[in-house]
Engineer: 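Below: one structure in structure tokens.
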There are 2 protein chains.
Amino acid sequence: MSLDQLETVVAIAEEGAVVRAARRLHLTQPPVTRRLQALEDELGVQLFERLPNGMRPTDAGRRFLSHARAILGAVERAREDLATES
Amino acid sequence: MSLDQLETVVAIAEEGAVVRAARRLHLTQPPVTRRLQALEDELGVQLFERLPNGMRPTDAGRRFLSHARAILGAVERAREDLATES
DNA sequence: CATGCTTACGGATCACGTAACCATG
DNA sequence: CATGGTTACGTGATCCGTAAGCATG
């Protein structure tokens with residue numbers, strides 16, 4: 001698991017599609033697809049349903065998204081903490 | 001910032017030295033030194049004092065360690081959540 | 001045939017380990 | 001000279017983008 005993968009699943013969820021997540025992340029589609037695949041492989045769980053028009057989180061996906069957002073928020077707080085009181 | 005870097009600083013803090021952190025992480029010393037350097041560079045903050053006999057967290061380092069442990073704990077919970085109720 | 005996800009592949013970057021170097025007690 | 005951190009350097013792994021493939025409306 002990597003922080004990039006977490007940002008990726010959050011972007012896919014919020015944009016509803018890999019193409020648009022890719023734009024947000026300043027990437028092309030393939031790396032976005034691959035980041036998601038690698039994460040799903042590692043966790044052994046499918047996080048998104050592949051629909052004809054985009055991506056929809058599974059139940060496990062929704063649970064994981066909540067964790068992902070918490071982790072990314074904690075990372076942001078860590079950065080701000082050090083930036084502030086240096 | 002990467003999760004590997006966070007595990008690295010926690011290991012250095014708990015072991016008190018890069019050599020022993022390396023053993024815990026199943027690495028040699030140089031990558032451990034480099035992970036720490038890269039993180040300190042990115043954050044623009046020194047996290048450890050280099051003592052003759054090992055490493056000692058700075059004030060910023062101690063603050064950061066608390067964040068690092070929180071993040072790694074959240075990662076662990078995310079994993080367990082998906083592993084449990086699959 | 002337009003949209004969107006995925007696979008193949010080549011090339012650049014990253015990150016490791018070995019080896020050598022430096023500092024301190 | 002033993003212990004511990006760092007730097008140099010070569011190599012294997014990782015990760016991107018381009019291109020091509022595949023499925024659905």
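Just the heavy atoms: all of them, side chains too, but no hydrogens, waters or symmetry mates, feed the values below. Quick note on labels: first sequence line is chain A, next is B, and so on, each numbered from 1.
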Engineer: Measure CG/A:L51 against C1'/C:dC5 and give the value in whole Å, please.
Structural biologist: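 Taking atom C1' of C:dC5 as the reference, CG of A:L51 is at 11 Å.
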Engineer: A side-chain contact here means heavy atoms from C-beta on lying under 4.5 Å apart; do B:F64 and B:V45 qualify?
Structural biologist: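 No - every pair of side-chain heavy atoms lies 4.5 Å or more apart.
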Engineer: Holding to salt bridge (Lys or Arg N to Asp or Glu O under 4.0 Å), I want the full list of residues that pass it with A:R34, two or more places apart in sequence or in another chain.
Structural biologist: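 For A:R34, no residue satisfies salt bridge (Lys or Arg N to Asp or Glu O under 4.0 Å) once neighbours in sequence are set aside.
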Engineer: Rounded to whole angstrom units, what separation is found between the CD atom of B:E49 and the P atom of D:dG5?
Structural biologist: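 Whole-Å distance recorded here is 14 Å.
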Engineer: Rounded to the nearest 0.5 Å, what separation is found between the CZ atom of A:R50 and the OG1 atom of A:T58?
Structural biologist: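 Nearest 0.5 Å value for the CZ-OG1 distance: 9.5 Å.
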Engineer: Determine to 10° how strongly the helix from C:dC1-D:dG25 to C:dG25-D:dC1 is bent, judged from the axes of its five-pair ends.
Structural biologist: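 Answer rounded to 10°: the end axes differ by 20°.
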Engineer: Does A:E42 have any salt bridge (Lys or Arg N to Asp or Glu O under 4.0 Å) partners at least two apart in sequence or in another chain, and if so, which?
Structural biologist: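 Partners of A:E42 by the salt bridge (Lys or Arg N to Asp or Glu O under 4.0 Å) criterion, ordered by chain and then number, come out as B:R79.
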Engineer: Rounded to the nearest 0.5 Å, what separation is found between the CG atom of A:L72 and the CD1 atom of B:I71?
Structural biologist: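 Between A:L72 CG and B:I71 CD1, I get 9.5 Å after rounding to 0.5 Å.
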Engineer: Roughly, in whole Å, what's the span from CG in A:L36 to C1' in C:dG4?
Structural biologist: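 Interatomic distance, CG of A:L36 to C1' of C:dG4: 14 Å.
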Engineer: Take the protein atom CZ of A:R23 and the nucleotide atom C1' of D:dC16, then report the distance between them rounded to whole Å.
Structural biologist: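 It is 18 Å, rounded to the nearest whole Å.
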Engineer: Could you tell me whether the side chain of B:E15 reaches within less than 4.5 Å of the side chain of B:R23, counting heavy atoms only?
Structural biologist: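 Side-chain contact under 4.5 Å: no.
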Engineer: Near DNA chain D, counting only heavy atoms under 4.0 Å, which residues of residues 5-17 of chain B show up?
Structural biologist: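 Of all residues in residues 5-17 of chain B, the ones placing a heavy atom under 4.0 Å from DNA chain D are B:A17.
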Engineer: Look at A:R20 and C:dG4 and indicate whether a side-chain polar atom (N or O) is within less than 4.0 Å of OP1 or OP2.
Structural biologist: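 A:R20 to C:dG4 OP1/OP2: side-chain N or O found under 4.0 Å.
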Engineer: Hey, does B:E49 have a side-chain heavy atom less than 4.5 Å from the side chain of B:M55?
Structural biologist: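 No, too far: nothing below the 4.5 Å cut-off.
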Engineer: Respond yes when some side-chain nitrogen or oxygen of B:T33 is under 4.0 Å from OP1 or OP2 of D:dT6, and no when none is.
Structural biologist: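 Yes, B:T33 has a side-chain N/O under 4.0 Å of OP1/OP2 on D:dT6.
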Engineer: Write down the protein N/O and nucleotide N/O pairs, taken from nucleotides 22-25 of chain C, whose separation is under 3.5 Å; answer none if there are no such pairs.
Structural biologist:
none

Engineer: Could I get a table of every N or O pair under 3.5 Å where one atom is in the protein and the other is in nucleotides 14-18 of chain C?
Structural biologist:
{"from": "C:dC16", "atom 1": "OP1", "to": "B:R35", "atom 2": "NE", "distance (Å)": "2.9"}
{"from": "C:dC16", "atom 1": "OP1", "to": "B:R35", "atom 2": "NH2", "distance (Å)": "2.7"}
{"from": "C:dG17", "atom 1": "OP2", "to": "B:T28", "atom 2": "N", "distance (Å)": "3.2"}
{"from": "C:dG17", "atom 1": "OP2", "to": "B:T28", "atom 2": "OG1", "distance (Å)": "2.9"}
{"from": "C:dG17", "atom 1": "N7", "to": "B:R34", "atom 2": "NH2", "distance (Å)": "3.4"}
{"from": "C:dG17", "atom 1": "O6", "to": "B:R34", "atom 2": "NH1", "distance (Å)": "2.9"}
{"from": "C:dG17", "atom 1": "O6", "to": "B:R34", "atom 2": "NH2", "distance (Å)": "3.4"}

Engineer: Treat each ILVMFWY residue as a node, draw an edge where side-chain heavy atoms are under 4.5 Å apart, and state whether A:M1 and A:V9 are in one component.
Structural biologist: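 Yes: a chain of side-chain contacts under 4.5 Å links A:M1 to A:V9.
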Engineer: State, yes or no, whether a side-chain contact exists between A:H67 and B:L82 at a heavy-atom distance under 4.5 Å.
Structural biologist: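 A side-chain contact under 4.5 Å is absent here.
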Engineer: C:dT6, OP1 or OP2 - any side-chain N/O from A:R50 closer than 4.0 Å?
Structural biologist: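 True: A:R50 side-chain N/O within range (under 4.0 Å) of C:dT6 OP1/OP2.
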Engineer: Between CG of B:L39 and OG1 of B:T8, what distance do you get to the nearest 0.5 Å?
Structural biologist: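 If I round to the nearest 0.5 Å, the distance is 8.5 Å.
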